[in-house]
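Worksheet for the structure shown next.
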Amino acid sequence: MNISDLLIKDNILLNLSISSKLDAFKELSSKLLINNCINDQKEYINALIKREQEFSTNIGFGIAIPHAKDKSVNKASIAIGTFSPGLNYEDGEAPVKLMFLLAVPTESDNLHLEILKRLSRKIIDTKFRENLLSAKTVNDIFKIMETI
């Protein structure tokens, strides 16, 4: 499985002017709902919030990977958002400029862990991270993600 298999271009939103983590969850998950990746946006967002209460998904470098494994998810999917000038992630860390929002069905064993592991390995690569953070178009991000 390639990470790009979980991504469709319509689930990539660039230069969002959003000030809160919750608003970012709403905006990105609305794309997942429209594209039939999830079937209940409110339930999915509640699962994201519950996960955030355990530990922040802000991994540093201006990147966050919020995720939920929930029955509201129809198929494993990723939505990506970039934020300008940056999103206050409410955890005392530097603003988030890039978010990977993961949605994984309940019946998927450890798929979310595999996705997190593969994303995290790439994100620590400075060149990969810089390429993502400087991407100007949806196609740019999609091409970068195809390398995972």
Side-chain angles (χ1 to χ4, degrees), residues 1-52 55-70 72-91 93-105 108 111-148:
M1 171 206 63
N2 292 324
I3 296 293
S4 61
D5 295 340
L6 307 176
L7 183 63
I8 58 173
K9 290 180 181 178
D10 195 42
N11 288 346
I12 302 172
L13 303 174
L14 305 179
N15 299 313
L16 298 169
S17 296
I18 293 176
S19 60
S20 79
K21 178 171 45 175
L22 181 58
D23 287 343
F25 290 171
K26 288 177 183 176
E27 186 70 25
L28 291 173
S29 66
S30 71
K31 284 299 201 174
L32 294 175
L33 182 65
I34 289 167
N35 292 308
N36 200 35
C37 302
I38 62 172
N39 57 54
D40 187 325
Q41 185 180 17
K42 186 175 181 179
E43 184 177 323
Y44 175 68
I45 290 172
N46 286 337
L48 289 170
I49 292 168
K50 183 178 178 186
R51 170 58 189 87
E52 280 299 314
F55 193 77
S56 176
T57 57
N58 181 351
I59 64 165
F61 308 111
I63 299 173
I65 311 176
H67 51 280
K69 183 176 175 181
D70 192 73
S72 63
V73 178
N74 294 331
K75 60 184 176 182
S77 309
I78 300 173
I80 298 174
T82 65
F83 303 92
S84 180
L87 172 70
N88 177 359
Y89 213 68
E90 303 159 12
D91 61 358
E93 298 294 327
V96 167
K97 296 187 183 237
L98 177 69
M99 179 183 287
F100 296 93
L101 187 71
L102 308 183
V104 179
S108 297
L111 180 60
H112 66 294
L113 298 176
E114 179 63 27
I115 297 167
L116 287 167
K117 181 174 71 174
R118 291 174 75 181
L119 271 175
S120 297
R121 281 185 184 155
K122 287 298 277 189
I123 288 168
I124 59 172
D125 178 311
T126 303
K127 184 159 179 64
F128 177 82
R129 190 172 62 246
E130 288 173 353
N131 287 340
L132 273 176
L133 290 169
S134 65
K136 302 288 185 222
T137 69
V138 167
N139 283 336
D140 291 343
I141 289 183
F142 197 81
K143 284 180 184 177
I144 294 165
M145 294 301 293
E146 285 180 321
T147 67
I148 301 178

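Being a predicted model, the structure only gives us computed values, none of them experimental.
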Please report the closest heavy-atom contact between Ile38 and Ser29, naming both atoms and the distance. CD1-O, 3.6 Å

With sequence neighbours excluded, tell me which residues meet side-chain hydrogen bond (donor to acceptor under 3.5 Å, both in side chains) with Asp140. Thr137

Could you check whether atom NZ of Lys97 has more than 12 heavy atoms from other residues, nucleotides or ligands sitting under 6.0 Å from it? no

Evaluate the side-chain proximity of Leu22 to Ile45: yes if any heavy-atom separation is below 4.5 Å, no if none is. yes

List the residues meeting salt bridge (charged side-chain N to carboxylate O under 4.0 Å, His left out) with Glu27, not counting sequence neighbours, and say none if there are none. none

From Tyr89 OH over to Glu52 CD, what is the distance, rounded to the nearest 0.5 angstrom? 3.5 Å

Those residues at least two apart in sequence (or on a different chain) that pass salt bridge (charged side-chain N to carboxylate O under 4.0 Å, His left out) with Lys31 are Asp10

To the nearest 0.5 Å, tell me how far Thr126 OG1 sits from Asn131 CG. 10.5 Å

Please evaluate residues Phe128 and Thr147 with respect to the criterion side chain to side chain contact (heavy atoms under 4.5 Å, CB included), reporting the C-alpha separation (whole Å), side-chain torsions for both, the decisive distance (0.1 Å), and the verdict. CA-CA 9 Å; Phe128 177 82; Thr147 67; 3.7 Å; yes

Taking side-chain contact (heavy atoms from CB on, under 4.5 Å) as the definition, give me every residue that meets it alongside Ile59, ordered by chain and number, with sequence neighbours left out. Ile63, Ile65, Ile123

Using the side-chain contact (heavy atoms from CB on, under 4.5 Å) criterion, which residues pair with Lys69? Sequence neighbours excluded. Val104, His112

Answer with yes or no whether the side chains of Ser20 and Glu90 bring together a donor and an acceptor at under 3.5 Å. no

Which heavy atom of Asn11 sits nearest a heavy atom of Cys37, and at what distance? ND2-SG, 3.8 Å

Can you name the side-chain contact (heavy atoms from CB on, under 4.5 Å) partners of Ser19, sequence neighbours left out? none

Applying side-chain hydrogen bond (donor to acceptor under 3.5 Å, both in side chains) to Lys9 and not counting sequence neighbours gives Asn139

Taking C-beta and beyond as the side chain, do Phe61 and Leu133 meet within less than 4.5 Å on heavy atoms? no

Set of residues satisfying salt bridge (charged side-chain N to carboxylate O under 4.0 Å, His left out) with respect to Asp125, sequence neighbours excluded: none

To the nearest 0.5 Å, what is the distance between CZ on Phe100 and CG on Leu116? 11.0 Å

In short, Leu7 meets Phe142 closest at the heavy-atom pair O-CE1, 3.4 Å

Sorted by chain and number, sequence neighbours left out, side-chain hydrogen bond (donor to acceptor under 3.5 Å, both in side chains) with Glu93 holds for none

Shortest non-hydrogen separation from Val96 to Leu98 and the atoms involved: CG1-O, 3.3 Å

Can you spot which of Ile78, Leu101, Thr57, Ile115 makes a side chain to side chain contact (heavy atoms under 4.5 Å, CB included) with His67? Thr57

Spatial distance of atom CG (Asn39) from atom CG (Asn36) [nearest 0.5 Å]: 8.0 Å

Distance from Lys21 atom NZ to Ile49 atom CD1, nearest 0.5 Å? 8.5 Å

Within the distance-only criterion (no hydrogens, no angle test), does the side chain of Ser72 pair as donor or acceptor with the backbone N or O of Asp70 below 3.5 angstrom? no

Considering non-hydrogen atoms only, spot the tightest contact between Leu48 and Pro66 and give its length. CD2-C, 4.0 Å

With Leu14, which residues qualify under side-chain contact (heavy atoms from CB on, under 4.5 Å), at least two apart? Ile12, Thr82, Val138, Ile141

Can you see which heavy atom on Ser84 is nearest to which on Asn15, and at what distance? CB-OD1, 4.2 Å

Residues in side-chain hydrogen bond (donor to acceptor under 3.5 Å, both in side chains) with Lys117, at least two apart? Glu114

Taking Leu102 as the fixed residue, which of Leu119, Ile3, Leu6, Val73 is the one that meets the side chain to side chain contact (heavy atoms under 4.5 Å, CB included) rule? Leu119

Would Met145 and Ile80 satisfy side chain to side chain contact (heavy atoms under 4.5 Å, CB included), going step by step from the backbone distance to the final call? CA-CA 10 Å; Met145 294 301 293; Ile80 298 174; 4.0 Å; yes

Which value, rounded to the nearest 0.5 Å, describes the distance between Ile8 atom CD1 and Leu32 atom CG? 8.0 Å

